[in-house]
Amino acid sequence: SYFTNEGYFELKIKDLKKEENIEFKSDVAISGELVGWISDNTLIYYGVDYDKNNGLFTFNVETKEEKFLYSLEMGYIEYLKVLEDEIAFIQERGDRNKSLKLITLDGEVQEILEGVSEVKDVAKTDNGIYLLGRVSGNNYSIYKYSDNKFKRLIFDFPKLVNLDKGLSKDENGNLLFMGHDTDYNLNNIYMIEDENISLINSKSSNYYF
């Protein structure tokens with residue numbers, strides 16, 4: 001899936017094996033580029049349809065069926081990411097109060113995490129849910145959600161966490177991020193394992209996940 005821009009963003013879908021476009025007819029005005037794949041044949045996206053339903057929608061590329069998955073009673077969604085068997089999104093309610101919500105693929109809300117100020121990335125491992133960004137009353141860092149609250153994991157090692165490079169995972173499911181002690185534009189790679197932080201690549205360079 002990709003967007004074209006001819007005065008407005010339009011979502012396109014292409015079958016790479018057959019090298020042909022897939023017909024995408026939608027009643028939804030998709031907001032920005034908040035789109036992700038929740039399976040091999042189903043997209044999820046945020047927008048508003050012709051009936052003014054505000055929320056998350058899905059589209060099956062095989063059946064060409066569009067469904068209304070989750071309704072927002074107020075506010076809007078400003079971040080969306082598929083996390084394996086669930087979807088993470090940030091809902092802004094209009095009073096600058098943001099929450100990170102997790103829902104299953106059938107639309108059931110699993111968690112509502114309040115007090116989010118800004119989100120750059122979200123990741124999930126066997127040890128929990130991690131947020132790269134900032135929560136209310138705190139600084140930019142990496143936070144772990146546990147016991148119904150956020151726990152800040154990084155204070156001064158490293159001193160600078162790169163907010164633009166996002167989060168990743170290694171082959172064992174441990175969280176990876178980039179940072180540096182003196183220069184934001186240089187990166188080392190760090191790993192979080194059981195809330196312990198270790199430097200796994202000490203050669204500063206410009207890396208990308």
Side-chain angles (χ1 to χ4, degrees), residues 9 30-36 44-48 54-56 69-84 86-104 107-125 127-169 174-197 207-209:
F9 284 114
I30 299 174
S31 178
E33 299 178 20
L34 298 177
V35 177
I44 184 169
Y45 41 89
Y46 167 62
V48 180
N54 177 25
L56 295 173
L69 178 68
Y70 179 78
S71 176
L72 273 70
E73 295 180 359
M74 63 174 63
Y76 58 91
I77 291 175
E78 65 174 34
Y79 175 90
L80 174 70
K81 185 176 182 179
V82 177
L83 302 176
E84 299 174 359
E86 56 193 349
I87 303 106
F89 62 93
I90 297 294
Q91 182 176 349
E92 160 74 74
R93 295 204 300 264
D95 54 2
R96 295 186 179 181
N97 189 354
K98 301 178 183 180
S99 59
L100 172 61
K101 297 187 177 183
L102 301 174
I103 64 173
T104 61
E108 179 183 355
V109 177
Q110 290 185 317
E111 303 282 355
I112 300 178
L113 318 181
E114 301 288 347
V116 177
S117 295
E118 187 173 351
V119 172
K120 296 296 185 178
D121 202 2
V122 175
K124 182 181 179 182
T125 73
N127 294 319
I129 300 164
Y130 297 86
L131 181 148
L132 173 63
R134 186 164 60 92
V135 301
S136 300
N138 221 315
N139 297 324
Y140 288 102
S141 185
I142 294 178
Y143 297 84
K144 180 181 178 181
Y145 178 73
S146 61
D147 299 327
N148 297 318
K149 62 182 179 180
F150 287 110
K151 179 180 181 180
R152 183 176 173 181
L153 299 182
I154 301 174
F155 291 89
D156 55 9
F157 178 74
K159 292 182 172 63
L160 302 171
V161 177
N162 194 303
L163 303 172
D164 302 309
K165 294 299 178 66
L167 302 172
S168 187
K169 293 188 291 185
N174 298 312
L175 194 74
L176 302 176
F177 69 97
M178 297 185 191
H180 201 269
D181 274 335
T182 59
D183 190 338
Y184 186 85
N185 295 314
L186 293 177
N187 300 135
N188 293 325
I189 301 176
Y190 298 83
M191 178 178 70
I192 299 178
E193 182 180 12
D194 296 328
E195 300 186 8
N196 297 313
I197 300 171
Y207 300 107
Y208 297 89
F209 285 136

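Computed from a predicted structure; not experimentally measured.
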Participant: Do E114 and R93 meet the salt-bridge criterion of a basic N to acidic O distance under 4.0 Å?
Facilitator: yes
Participant: Check whether any side-chain heavy atom of K165 sits under 4.5 Å from a side-chain heavy atom of F177, and report yes or no.
Facilitator: no
Participant: Can you list the steps and then say if E86 with K124 is a salt bridge (Lys or Arg N to Asp or Glu O under 4.0 Å)?
Facilitator: CA-CA 10 Å; E86 56 193 349; K124 182 181 179 182; 2.4 Å; yes
Participant: Can you check whether L102 reaches L83 side chain to side chain, under 4.5 Å on heavy atoms?
Facilitator: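 They are in side-chain contact.
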Participant: Let's go through K169 and N174 carefully: what are the C-alpha distance in whole Å and the side-chain angles of both, what is the deciding distance for side chain to side chain donor-acceptor pair (under 3.5 Å) to 0.1 Å, and is it a yes or a no?
Facilitator: CA-CA 5 Å; K169 293 188 291 185; N174 298 312; over 6 Å; no
Participant: Quick one about N188 and Y207 (side-chain donor to acceptor, distance below 3.5 Å, no hydrogens or angles considered), yes or no?
Facilitator: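 No donor-acceptor contact under 3.5 Å links the two side chains.
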Participant: Could you check whether K151 pairs with E195 (Lys NZ or Arg NE/NH1/NH2 to Asp/Glu carboxylate O, under 4.0 Å)?
Facilitator: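 Answer for the salt bridge query: yes.
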Participant: With a 4.5 Å cut-off on side-chain heavy atoms, are Y184 and L163 touching?
Facilitator: yes
Participant: When you compare the side chain of L80 with that of L56, does any pair of heavy atoms fall below 4.5 Å?
Facilitator: yes
Participant: Are side-chain N/O atoms of D121 and Y79 paired as donor and acceptor at under 3.5 Å?
Facilitator: yes
Participant: Using the side chain to side chain contact (heavy atoms under 4.5 Å, CB included) definition, which of the options L153, L175, L131, I192 pairs with K144?
Facilitator: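 The residue from L153, L175, L131, I192 that satisfies side chain to side chain contact (heavy atoms under 4.5 Å, CB included) with K144 turns out to be L153.
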Participant: Distance alone, cut at 3.5 Å: any donor-acceptor contact between the side chains of N139 and R134?
Facilitator: no
